[in-house]
Amino acid sequence: MKATDIAAPDYFHKVVDCQWACPAHTPVPEYIRLIAAGRYSDAYMINWRSNVFPGILGRTCDRPCEPACRRVRVEDEPVAICRLKRVAADYKDDVTRRMPQPAAVKNGKRIALIGAGPASLTVARDLAPLGYTCVVYDGDKRAGGMMRSQIPKFRLPDSVIDEETGFVLNLGVEFRAGTRVESMAALLAEDYDIVVVGSGAPRGRDLDIPGRKEAAGNIHIGIDWLSSVSFDHIHGIGKRVIVLGGGNTAMDCCRSARRLGGEDVKVVVRSGFDEMKASPWEKEDAAREGIPIHNFLVPKEFKHDGGKLTGVLFEKVKAEFDAKGRRKLVPSGEPDVLFECDDVLVAVGQENAFPWIERDAGIAFDDHGMPVVDKVTFQSSNPKVFFAGDAAFGPKNIIWAVAHGHEVAVSIDKLLHGEDIAQRPLPAVTVVNQKMGIHEWSYKNEVVLDERYAVPHQDNATALSSIKAEVELGFDAKLALAEAGRCLNCDVETVFSAPLCIECDACVDVCPMDSITFTENGDEEDLRGRLRAPALNLAQDIYVADGLKTGRIMAKDEDVCLHCGLCAERCPTGAWDMNKFYLEVTHAGPACR
């Protein structure tokens, strides 16, 4: 294998599994160390720069960082990264003075942003301080988009949304509340230099089966129903409720129904329980509140009596797999199942809708009705129009919308400065030694078994008594410190210098994971099999260094290294060192041009 180029920005970034997995590339270990030090405001500001909504995402993020967490290789459970993010938001001081100030001088460029959700607000957060005039349009009276309309208040209080959308709007952003854009052509005719579409995926899928039209009065589209609940338009529901669907929207629907009078609330999914799209913790929360989930049932007919819904008939199915391992659901041959009910909430998916974009506006759409959008620049076929968040590529989640927003801001900043937006800027990277003394490091490097700490919840009686009573109470400072201590500091990297190595093998002897091997070189497949512990995870790199006096190479399996630093402590020549790696994705502004 060739020697590893550790100067490449992505090499150590990939080793920081949580940050690599985060679409916004939030420097997770860095802010967790700051939380452990009680520096909550500093931790919040690091979050705010990358993910923009720490308090919101600390309660609602889909957590792509956690399955990637290296702690899983020590124990079963990852560090509670998402809930530690909330700690930074809950315990910060007043950070108003640390926020960027509105631009004193405008640069004359005007940006229209459609939708006041996470994608548009992220674009505005990046561009407004640079002097761009950002005008945000939204049909609702308050900013937040789907964060406010589709996430129940018992998971995300309005006060948190108000604070964090306020941080963005206070950057000099003009918010045209209650103003729905009805025509792209009309907007393009105004004096905007750029239009950004961040309108989300606002249409819930329906279920066209017999009885749908006749019983329509008690059959509700999930996301529309959640919006009506959020805006206090709905305050009750029947005692027997069936929720159709297996995603997170279905979990929000069933838990909301329990709080609005539903006594017999059940979720019915056509797939198996393990195949549900809902996050595991969302399913756990529903189960904690006494909501059963019935699987392998396909809705067949809405039963009604003179137009009044009485129940739903389901066909029982089972999974079968063909020779290529593809699964399909087939009738099980068992009798149909009838669940009686008063109301049904349909949460079987969301889709985009752009009836307000004229098809002669210069924006190409594909056969599925989605805009044709460049996956790197987010530019549409109309060079003045960009798409971000769910509006760009279909429904995903908040943190992806934020990541899109940062990239769109870079594209706009480069475009309006006459640059090629396909040329993307490299991130900012620093690598700093952590040695403080002979046996002293600037970070805690002891790896001990320590199981994940549970986030305290409100008791069920209190939680179910109100649609707005927040269920998760969050970590207190003591629990936050304990949980932060589980972080393995994966951003503190083991760096090897071959010219200093005397090949004494002291590092090999002391490594608790057998991750270091000195051996003859070979191709990657051969080398992976000859390491002291075979490197079986092909997604993780082998760190190779040549230049040793014997002609051998050093090979370290990045998959199992715990970053404990024992190799660096034991090394008599300083060939091993522990360097803190910090990467910040380039934002719009002079650094991106």
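These values consider heavy atoms only, across backbone and side chains, with no hydrogens, waters or symmetry-generated copies. Everything numeric here is computed off the predicted structure, so don't read it as measured data.
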Using a strict cut-off of less than 4.0 Å between a Lys/Arg side-chain nitrogen and an Asp/Glu carboxylate oxygen, indicate whether Asp126 and Arg49 qualify as a salt bridge. no

Between Lys14 and Ala539 (side chain of the first, backbone of the second, donor and acceptor by atom type, cut-off under 3.5 Å), is there such a pair? yes

Option from Ile223, Val267, Val243 for which side chain to side chain contact (heavy atoms under 4.5 Å, CB included) with Cys253 holds: Val243

Closest approach of Gly238 and Asp343, non-hydrogen atoms and distance? N-OD2, 2.8 Å

With a 4.0 Å cut-off, would you call Arg71 and Glu483 a salt bridge? no

Could you tell me whether Arg270 and Glu275 make a salt bridge, using a distance below 4.0 angstrom between a side-chain N and a carboxylate O? no

Any donor-acceptor pair under 3.5 Å from His25 side chain to Gln19 backbone: yes

For the residue pair Ala116 and Asp138, what are the closest heavy atoms and their distance? N-OD2, 2.6 Å

salt_bridge(Glu289, Arg255) N-O dist < 4.0 Å: yes

Hey, are Lys239 and Asp342 close enough for a salt bridge, meaning a charged N less than 4.0 Å from a carboxylate O? no

Checking side-chain hydrogen bond (donor to acceptor under 3.5 Å, both in side chains) against Asn489, which of Arg33, Glu30, His563 comes through? Arg33

Do you know which two heavy atoms are closest between Ser199 and Ala391, and how far apart they sit? N-CB, 3.9 Å

Cation-pi check for Trp48 against Arg98: NZ or CZ below 6.0 Å from the six-membered ring centre and within 45 degrees of the axis, yes or no? no

Should Glu214 and Arg212 count as an ion pair when the cut-off is N to O under 4.0 Å? no

Lys444 bridged to Glu446 by N-O distance under 4.0 Å: no

Do Asp305 and Lys308 sit within salt-bridge range, that is, some charged N less than 4.0 Å from a carboxylate O? no

Rounded at 0.5 Å granularity, tell me how far CE in Met147 sits from OG in Ser230. 12.5 Å

Between Lys266 and Asp264 (salt bridge meaning N to carboxylate O under 4.0 Å), is one present in this structure? yes

Where do Val173 and Ala124 come nearest, in terms of heavy atoms and distance? CG2-CB, 3.9 Å

Short side-chain to backbone donor-acceptor contact, Thr462 and Gln458, under 3.5 Å: no

Salt-bridge contact Arg148-Asp162 (side-chain N to carboxylate O under 4.0 Å): yes

Which of Val160, Asp158, Ile467 passes side chain to side chain contact (heavy atoms under 4.5 Å, CB included) with Lys153? Answer is Asp158

Are His404 and Phe387 close enough that their ring centres sit under 6.0 Å apart? no

Test log, rule side chain to side chain contact (heavy atoms under 4.5 Å, CB included), inputs Val344 and Val241: CA-CA 6 Å; Val344 167; Val241 180; over 6 Å; no

Using the ring of Phe154 (Phe, Tyr or Trp, six-membered ring only), decide whether Arg259 places NZ or CZ under 6.0 Å from its centre and within 45 degrees of its axis. yes

Kindly state each residue pair satisfying ring-ring contact (aromatic ring centres under 6.0 Å, His included) with at least one member in residues 279-321, sequence neighbours excluded. His294-Phe339, Phe314-Phe339

Ile32 and Arg486: side chain to side chain contact (heavy atoms under 4.5 Å, CB included), yes or no, with the steps? CA-CA 10 Å; Ile32 287 181; Arg486 299 180 66 238; over 6 Å; no

Measure the shortest side-chain to side-chain distance between Val229 and His233 over non-hydrogen atoms and say whether it is less than 4.5 angstrom. no

N-O pairing of Arg205 and Glu351 below 4.0 Å: yes

Heavy atoms only: give me the nearest Leu113-Cys134 pair and the separation to one decimal. CD1-CB, 3.8 Å

Do NZ/NE/NH1/NH2 and the carboxylate oxygens of Asp42 and Lys92 come within less than 4.0 Å? no

Take Glu340 and Arg240 through the test salt bridge (Lys or Arg N to Asp or Glu O under 4.0 Å) and record every step on the way to the result. CA-CA 7 Å; Glu340 295 181 343; Arg240 301 172 301 174; 3.3 Å; yes

Of Arg83, Arg59, Arg86, which is the lone residue that meets side-chain hydrogen bond (donor to acceptor under 3.5 Å, both in side chains) with Glu472? Arg83

Let me see the working for Arg73 and Asp559 under salt bridge (Lys or Arg N to Asp or Glu O under 4.0 Å), right down to the final yes or no. CA-CA 9 Å; Arg73 297 166 211 170; Asp559 185 46; 3.5 Å; yes

Please determine if Arg452 and Glu75 form a salt bridge, counting it only when a charged side-chain N lies under 4.0 Å from a carboxylate O. no

Pairs involving residues 216-235, ordered by first then second residue, that meet salt bridge (charged side-chain N to carboxylate O under 4.0 Å, His left out) (sequence neighbours left out): Asp232-Lys468

